[in-house]
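Sequence lines set the chain letters: A, B, ... in the order given, protein chains first and strands last, and positions in each chain run from 1.
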There are 2 protein chains.
Amino acid sequence: MSDAMRDDDIANTMRALGHPVRLEILRILANQQQGQCCCADVTESLPLAQSTVSQHIKVLLDAGLIDRKAHGTRNRYCIRQDKLSELGAAFGGLLQGLAPTANKEAELA
Amino acid sequence: MSDAMRDDDIANTMRALGHPVRLEILRILANQQQGQCCCADVTESLPLAQSTVSQHIKVLLDAGLIDRKAHGTRNRYCIRQDKLSELGAAFGGLLQGLAPTANKEAELA
DNA sequence: ATTATTGATCGGTCATTTGCGATGGAAGAT
DNA sequence: ATCTTCCATCGCAAATGACCGATCAATAAT
């Protein structure tokens, strides 16, 4: 239980996922051949200015959900699958903690 | 697939979960005897003003994550388990859509 | 009827987020 | 060296969010 996400981390990550454009960006990254692409690729799939896309990317980056690798004059972004499964586990734990059956039994530790 | 959550819905719900206080409120509701309690109960478990707690509750309410039932002079709040599992499914679907194995196979529909 | 309790809502402040165009640095091409 | 491409970052404006104290309607108790 040592490296479990705390509420702050979970909330931060949730907030990063709390914008449809960022969900879309993640999907765009996921559907790339090598699972990676540059900012320009993302931008031309979205009706937003480059600076705006770059900012959304930064949010995902800060949340640890994606990774940046400099590659020549462009950057390659890819999804951090490890973070994603970590989040999945944390989310599952959260839901379980909120389930009605977990009320009393959880106190028997 | 007709009633699946769309990106907007998912993002909205994520944003509602994107604050540690609201996560805490959900946990407080979950750990109540009948899985329900009033605003005052929640407030005295948190270092926040009543108006602030009420506002957080409203966010959860608007996101459909909790339910309000008037009961005499006070309101009873409880977690909407149906929404929670709906969200769990949507989140699972999201993660699956972002997984590397889902890239090509998903196009064979 | 008067009083007390509950809790939603209003108004205000301050911080953060979202969007944009413009700027500038870094790497590749000429 | 010059020029182009890529894109992070910097203002800037508008909108949203978080928090508070104050208010007010509704119900319960006296």
Exercise for the section: Please step through side-chain contact (heavy atoms from CB on, under 4.5 Å) for the pair A:R27 and B:L94, ending with a clear verdict. Expected result: CA-CA 9 Å; A:R27 259 195 269 276; B:L94 175 67; 3.6 Å; yes

Exercise for the section: Name the first nucleotide and the last nucleotide along DNA chain D (5' to 3') that come under 4.0 Å of a heavy atom in chain A. Expected result: D:dT5 to D:dT9

Compare the minimum distances between each of [options] and the side chain of [X], then state the nucleotide with the smallest one.
{"X": "B:R74", "options": "C:dT9, C:dC20, C:dT6", "result": "C:dT6"}
{"X": "A:Q55", "options": "C:dG7, C:dT18, C:dG28", "result": "C:dT18"}
{"X": "A:H56", "options": "C:dG28, C:dT17, C:dG19", "result": "C:dG19"}

[X] versus [Y], closest heavy-atom pair with distance:
{"X": "B:E24", "Y": "A:D7", "answer": "OE1-OD2, 4.0 Å"}
{"X": "B:C37", "Y": "B:L29", "answer": "SG-CD2, 3.3 Å"}
{"X": "B:H19", "Y": "A:A11", "answer": "N-CB, 3.7 Å"}

Send over the distance from [X] [atom1] to [N] [atom2], rounded to a whole Å.
{"X": "A:K58", "N": "C:dC20", "atom1": "NZ", "atom2": "P", "value": "19 Å"}
{"X": "B:H19", "N": "C:dT16", "atom1": "NE2", "atom2": "P", "value": "12 Å"}
{"X": "B:K69", "N": "C:dG7", "atom1": "NZ", "atom2": "P", "value": "14 Å"}
{"X": "A:H71", "N": "C:dG28", "atom1": "NE2", "atom2": "P", "value": "9 Å"}

Problem - DNA chain C: 5'-proximal contact among A:Q50 and B:Q50 (nearest heavy atom) - result: B:Q50

Handout entry: First encountered from the 5' end of DNA chain C, between A:V21 and A:G72
Key = A:V21

Exercise for the section: Evaluate the side-chain proximity of B:F91 to A:L17: yes if any heavy-atom separation is below 4.5 Å, no if none is. Expected result: yes

Handout entry: Flag side-chain contact, heavy atom, 4.5 Å: A:L84 against A:L65
Key = yes

Practice task
Ignoring backbone atoms, establish whether A:R22 has a side-chain N or O less than 4.0 Å from OP1 or OP2 of C:dT18.
Solution key: yes

Exercise for the section: Indicate whether OP1 or OP2 belonging to C:dC20 is found under 4.0 Å from a side-chain N or O atom of A:T52. Expected result: yes

Listing, residues 53-60 of chain B side-chain donor-acceptor contacts under 3.5 Å, not counting sequence neighbours, or none:
residue	atom	partner	partner atom	Å
B:H56	ND1	B:R22	NH1	3.0
B:K58	NZ	B:D62	OD2	3.3

Practice task
Tell me what B:R76 touches on the nucleic acid: a base, only sugar-phosphate, or nothing, going by heavy atoms under 4.0 Å.
Solution key: nothing

Exercise for the section: Tell me what A:I57 touches on the nucleic acid: a base, only sugar-phosphate, or nothing, going by heavy atoms under 4.0 Å. Expected result: nothing

Problem - Base of C:dG21 paired with side chain of A:S51 (donor-acceptor, under 3.5 Å) - result: yes

Handout entry: Residue whose nearest DNA chain D nucleotide is more 5′ - A:C39 or A:R15
Key = A:C39

